[in-house]
Every structure is written in C-alpha cells, then in structure tokens.
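Everything on this sheet refers to the single structure shown next.
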Amino acid sequence: MVGISRRTLLSATLATPMIARTARAQGAVLRIGAPLPLTGGLAPEGLKQKHGYEIWADTVNKQGGIKVGNGMAKVELIYADYESNTARAVQATERMISQDKVSAVLGAYGSGAVKASSSVTERYKVPMLAPNASAKEVYDQGYKFLFGTEASNDALTVPLAKFMQAHLPSLKTMVILSRNDLFPLALGRNMEAAAKQAGIDVASFQSYAVGAMDHASALTEMAAAKPQWVFVTGYTNDLILVRRQMAELKFSAPIITMLTGPSYKEFSDALGPLAEGITAVSWWEASVPYHGIPPFPTAREYNDAYIARYGTAPDYGEASSTACCIALQAAAEKAGSLDPLALRDALASLDVMSFYGRLKFGPSGQIVVQALPLFQLQGGKRVILAPEDIRQGELKILS
Amino acid sequence: MTARLFRGLAWAATLGATAALFFLGDAYALRIGMTLAMFIALASGWNIIGGMAGYPSFATAGFFGLGAYAGALTQLRGVPMPLAWIVAAGVAAIVALAVGWIVLRLRGHYFAIASLAVMMVLRELATNWTMLTGGGMGLNLPVLQLGIIAQARLFFAAQAGLAIIAVIISALVASSGLGFALRCIRQNETAAGMLGLDARRAKSIAFAISAALAGAAGAIYASAISYIDPTDVFDLLNTVQPIIMAMLGGVGTVAGPVIGAALFVVLEQSIWTNFLSVHAALLGALVVALALFLPQGMLGQLHRRKVKP
C-alpha cells in the first residue's frame, strides 16, 4: 500500500536532479551509471572504484571527449551510494537505467552484489561492466549484457600451484582458510581443486563467517597438519587478523599466501614486520608491460597520473575500474554509437590492448585469461616473482 | 463519526494510490512501491508481537531470511512461485512456534537479546549448511521470462497484497480476544496470568503471525531479486527499520506501521536520491528528531491534538 502524498513527493524529488542533468546534456554525452558502496563495510573499496572511474572521465573530457561516429562525446558519470547493501545496489542500478537513462552501468563491488544487480541490466538490455567480480559463478547465468575485467579464479590458482611446486620441492601439504562469502569461498575452492590437480595434499579446508573475530580454533587445527603452504582468502581486515593470530599461536609455514589484502598498502602498514614474506597474486601491478590505447597507454603512465591526482599509488582495484571505462570507451568508438545494444555488441567482440592488459571478453562475459602477476612482500615492498618477463626477484622461503 | 469517516477515506485513498501505482507507475516507481509494501508488511508484523504484546522482537530479519531461503529452496525444487511463498510463510511460522516456546519465557531486554540470537543462529545455519544453501556462494533463483513492466507489476502486486493481508490481520487481531490478551500482556503479564489468561499461547500465536508475514515478505523479495546470499537476507537493517517505522507511525496501532513505513521510505528515498555523501547522517538526524518530538508516533500526536483542543 502507498501513502497518499508518496507519489507527489517522490516524483518531485526524482524530477529535480533530472532537470539539472538534461540541461547540462548539450551535445552527445555518454552517460554511465556507477553504483558505489560509499558507506558501510565496503566503503574503502567503493572509494577506489570511484577514483578509478573519475580519473578516466576527467582525463577523457579534458581531451574533448571520446570519438563516437563523426563527432565527439563527453562522458558523464552518475553516482549512487548503495551503502554496501545488495538490495540497494540492485535498486540503484534500476534507477540509473530507468530514470537517468544511462547507456551502460559500471558494476558494484564484489561478486555477490554484481551477480544480483546484473539481473537488472540483463532485463533492461544495458551493458554492465564489473571491475571487481572475479568469481566464475557470477558469470554462470548465461547473461549477455554482463562483462567483467577481473580474470577468473582459475587463472590465478592453477599457475600459483605450479609456481610454488617448482620453487619449493618439499611442498606436499597445504591448508586453506576461506572467508565464507561468494568470492573468497569460490577462490578457496578453486585453490583446493588446483592443488589436488597438482598433486598437493589439502590437509585442512576451513571457512570462517563474515565478520569473524577469532580464528584460533581453525588455525590450531591447521597447524597440526604441519603444512608447507598456508593459503588464506578474505578481505584486508580479515587477513590482518589471521596473520596476527598465526603469530600469536606461533604457527608458520614456508609459504603463506593471502588474497586479496597484500596488494593494498593498508595491509603492510597494519602488519609491519608480520607482512614480510607473504605471497599473493594480483590482477594488475604498475610494472606490467602492456602497451595499449589512450588516455593511459601504459601501466607506468597510469600509475604516475594516478599518483599526481590522488597522492597514493593505485592497486588492481582502481586499475580494473579504469579498465572497465576504457573498454567502454573502445566499444563506443568501435560501435560509433551510444546506444546500449550497440555498445553491448561492440563489447562482446572487443579485442584491444590497454595498460591493464588485453581487453577481450570470453563467451561468459568474463575477461580472457592472461598471466597474472605473482608477488611477495619483501622489505615492505611488492616484489614480482612471476611471470618471467616482469620478474623483479626470487621467492624467499619463510621458516 | 467524522473520525471514522476520515479513517475510511484515508484507507480508501491508500488503496486507490496502490491501484494507480500498479497501472500507471513505471518500473522504478513500482520497485519503490514494492519496497514500501514490503516494509509495511514487516512493520505491521513486528507490531503484533512488538507493539501489541510489548515484546521487543529483533528476530524480524531472521524470519525474513528464513522465508527467503525456504521460498528459494522450494522454488528450486520445482514448486510454483506463489506456492513457494506460502510454504515460506508456513516454515517461518512453525520455526517461530518452536523457538518461541523457549524465548518467549524471557521478557524485556532478555527477550530482545534472545530474539537477536535467533536471527544470528539462522544466519549461521544458512552460511554453514553449504550442501543445502550454497553457503556464502548464495543461491540463484529462476529468472522469469517476463517483460520489465510485467515483472515489476507482478512483484509489486505480491508485496502489496501481502501488506494488505498484514494490515487486515493486524486489524482482526486488534479487535479480537487475542488482541485483548496481547494488550493485557503488555500492561502486566503477571496479573494477566493470575486472572486466568493463557499468556504463553497468546504470545506464541502473535510471534508466529509476525514470523509468517516476515517469511512471506522474504520469499517474495528472493523471487524478485533472483539471487540471495546470507549477508543480504539476514541483514540487521531488516530488523531495525521496521521497528523504527512502527515507532514513527504509532506503536500498537493498526495504521501506525503503515504511516510510519510510508513516512520513512519517502524520507529515505528522497534523501538517498539527492545527497550522495551525507544521506546516512541526514536520515539518522531526522529519525532522532522525529523520535524526540513525536515520542508517541504520528498517530499519537494526532490523538493528543484531539484530546486537548
């Protein structure tokens, strides 16, 4: 049921920003919706996404926009805060398409929210580009309008298992601790499968609840297996806690791998010497060798532009966000149109190089696999161990 | 007489607005309408145990999530959608009866904490019973092959229908012996018991009705959103917001939760749409202001005006 004054109030509030937007939209404008978790548990990640989008939009607009057909189109980002709440992300996505008439939507943060909101873009036939959703399960519904720039978890775990086996011949047993949440759990499962495939025994597979503050019992059980490799998934705060409790329990192993915290500066800042020697895989590093289309042809140039603007170095979160924008830009240039359907077709057949790597989406919509950088924290810095062409150092075995 | 007429007119206008939204609203307006209807059902349901009986339940989100999972799992086993919603309501009611048998022995703050624990246990179950629920990976529901507007109308109609049922049940409860028993319990449970009132039975029924409404709302939500995971459906906000809504409108009354939900959703939506960065603070300040200046809720304020000319 609906209150009497609800409709009037609602249309009034919705109409105000709409008028302002239409007035601004002189000439062609590529309008892109960006639901962001600006408040709530994912707020830090939301800010990374926003920066990744913003730096692209401002740089492109300063150069006159993007080339669409015979003219130039400015780009306009329309933000909403979805409060780290999935239902809100879905609502924001629908609002952007039905009220703001966006041509494309940039995905929410994390696999779960992307999966839920992609049902809206699919229904409205508007492309969605997800910068931070790597679980294969997000792309398993046969959707035609969903694209993701993070390679699937297999691309990460299979080479990782091979690398560790090659560099630690005594590697026989590993343990896995996963956060029980779509992406980290899927990643843990992928690691388990990759380990088994490589002939590594997974002695213990444990998962912890979202928001868990104590890992002692899981860690004690894992320590009993005397593993050579400890593999932990979760987000920055989870991983900091796990590493600290491992130290308290005097539980260590020759290799400790944590995903996805070590890519972030916050992780090494919070852990100090405890961060030393932790290995991780990233979807992007500033040292990757790719050369691609403007406005940021190389990773180095992107890195420098980002530091000049925000004062800190970007990690894969921002880079993947910018990569989504660049894919959209390339699709608009290729299609010569801002029509969502034309953009979708151009995205599906896109194949261009960028600072982030090759932008080509597979049949499920997820980006095709490329070699991902594997690194170790050494002396507070990320030192790349693989792939060979960008290697900066050797794997150091922990005691 | 004029008060009754006014009340009748207000209900008629509300139903008229619902029908108008159904036929004229675009997909986005229907989505907001669906959210509002869902909260009316949740707030009215909470009001039966929390308002009429005075038992501050924090289990709403627990039964909402339970209903979402029950509905999703039955639907995935081939049960037609509307039937799955009914099953979800039934599952929630049965679990509420079983759990209520224990937690309804507690009163006041103790009951509040125990009901919160019920929600957390249910969330842990959904998270860790991976074989059944998919754990943190969540569940995909069948996607309907319907047009945008048709689908928006369908789920709006479902939630609105549930909201109407919730209000009718509230009215029936309020005017029945059960409502009288609940009000006695709120005023003095020990005295009510001494006078021969079966307080346990009345509380249990109220708790089960409240849970059934939350369960059905959760199941419809799950069908509408087509993907659920434990953190989304066992969200503490779904417990807290209906309580705020009932308090804004007027606790213990039939119309209170409806007015409160409408007021809250309109405020929340308009603030959320227009303020990108400060919306949470603004909404919080507004809720605090409303609680300070309208401690009895909107209805309480109206009644006070009438009494003191």
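Naming convention: chains lettered A, B, ... in sequence-line order (proteins, then strands); numbering from 1 in each chain. Only heavy atoms go into these numbers, but all of them, side chains included; no hydrogens, no water, no symmetry mates.
Only the side chain of B:Leu237 has a heavy atom closer than 4.5 Å to any heavy atom of chain A. For A:Glu137, the part lying under 4.5 angstrom from a heavy atom of chain B is the side chain only. Residue contact with chain B, scored on non-hydrogen atoms closer than 4.5 Å, involves the side chain of A:Gln141 exclusively. Proximity to chain B is absent for every atom of A:Tyr208, based on heavy atoms less than 4.5 angstrom apart. Of the atoms belonging to A:Phe183, not a single heavy atom falls under 4.5 Å from chain B. In this structure, chain A has a heavy atom under 4.5 Å from the side chain of B:Thr130, while its backbone stays farther away. In this structure, the portion of B:Ser226 lying under 4.5 Å from any heavy atom of chain A is its side chain and not its backbone.
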Report all side-chain donor-acceptor pairs from residues 131-152 of chain B shorter than 3.5 Å, counting only partners two or more places apart or in another chain.
{"from": "B:Thr133", "atom 1": "OG1", "to": "B:Ala126", "atom 2": "O", "distance (Å)": "2.5"}
{"from": "B:Thr133", "atom 1": "OG1", "to": "B:Trp129", "atom 2": "O", "distance (Å)": "2.9"}
{"from": "B:Thr133", "atom 1": "OG1", "to": "B:Gly135", "atom 2": "N", "distance (Å)": "3.1"}
{"from": "B:Asn140", "atom 1": "OD1", "to": "A:Lys115", "atom 2": "NZ", "distance (Å)": "3.0"}

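With respect to chain A, the highest number of heavy-atom pairs below 4.5 Å among B:Asp235, B:Asp26, B:Asp232 belongs to B:Asp232.
Classification of the B:Phe234-B:Tyr69 ring pair by plane angle, with boundaries at 30° and 60°, yields parallel.
Here the closest heavy-atom approach between residue A:Ala108 and residue A:Val114 is recorded as O-CG2, 3.2 Å.
Residues of residues 83-91 of chain A placed with any heavy atom under 4.5 Å of a heavy atom in chain B are listed by number as A:Glu83, A:Asn85, A:Thr86, A:Ala87, A:Arg88, A:Val90, A:Gln91.
Cation-pi check for B:Arg153 over B:Phe22 is met; the charged atom lies under 6.0 angstrom from the ring centroid and within 45 degrees of its normal.
To the nearest 0.5 Å, atoms CG (B:Asn47) and CD1 (B:Ile40) are separated by 12.5 Å. With values rounded to the nearest 0.5 angstrom, A:Leu185 atom CG is found 5.0 Å from A:Asn180 atom CG.
The pair A:Arg31-A:Asp100 does not meet the salt-bridge criterion, since no charged nitrogen lies less than 4.0 angstrom from a carboxylate oxygen.
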B:Ser223 and B:Phe155: CA distance, side-chain angles, deciding distance, side-chain contact (heavy atoms from CB on, under 4.5 Å) verdict: CA-CA 8 Å; B:Ser223 300; B:Phe155 290 117; 3.6 Å; yes

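Between B:Phe39 and B:Phe264, the distance from one ring center to the other does not fall under 6.0 angstrom.
Heavy-atom neighbours of B:Met119 CE from other residues, nucleotides or ligands within 6.0 Å: above the threshold of 12.
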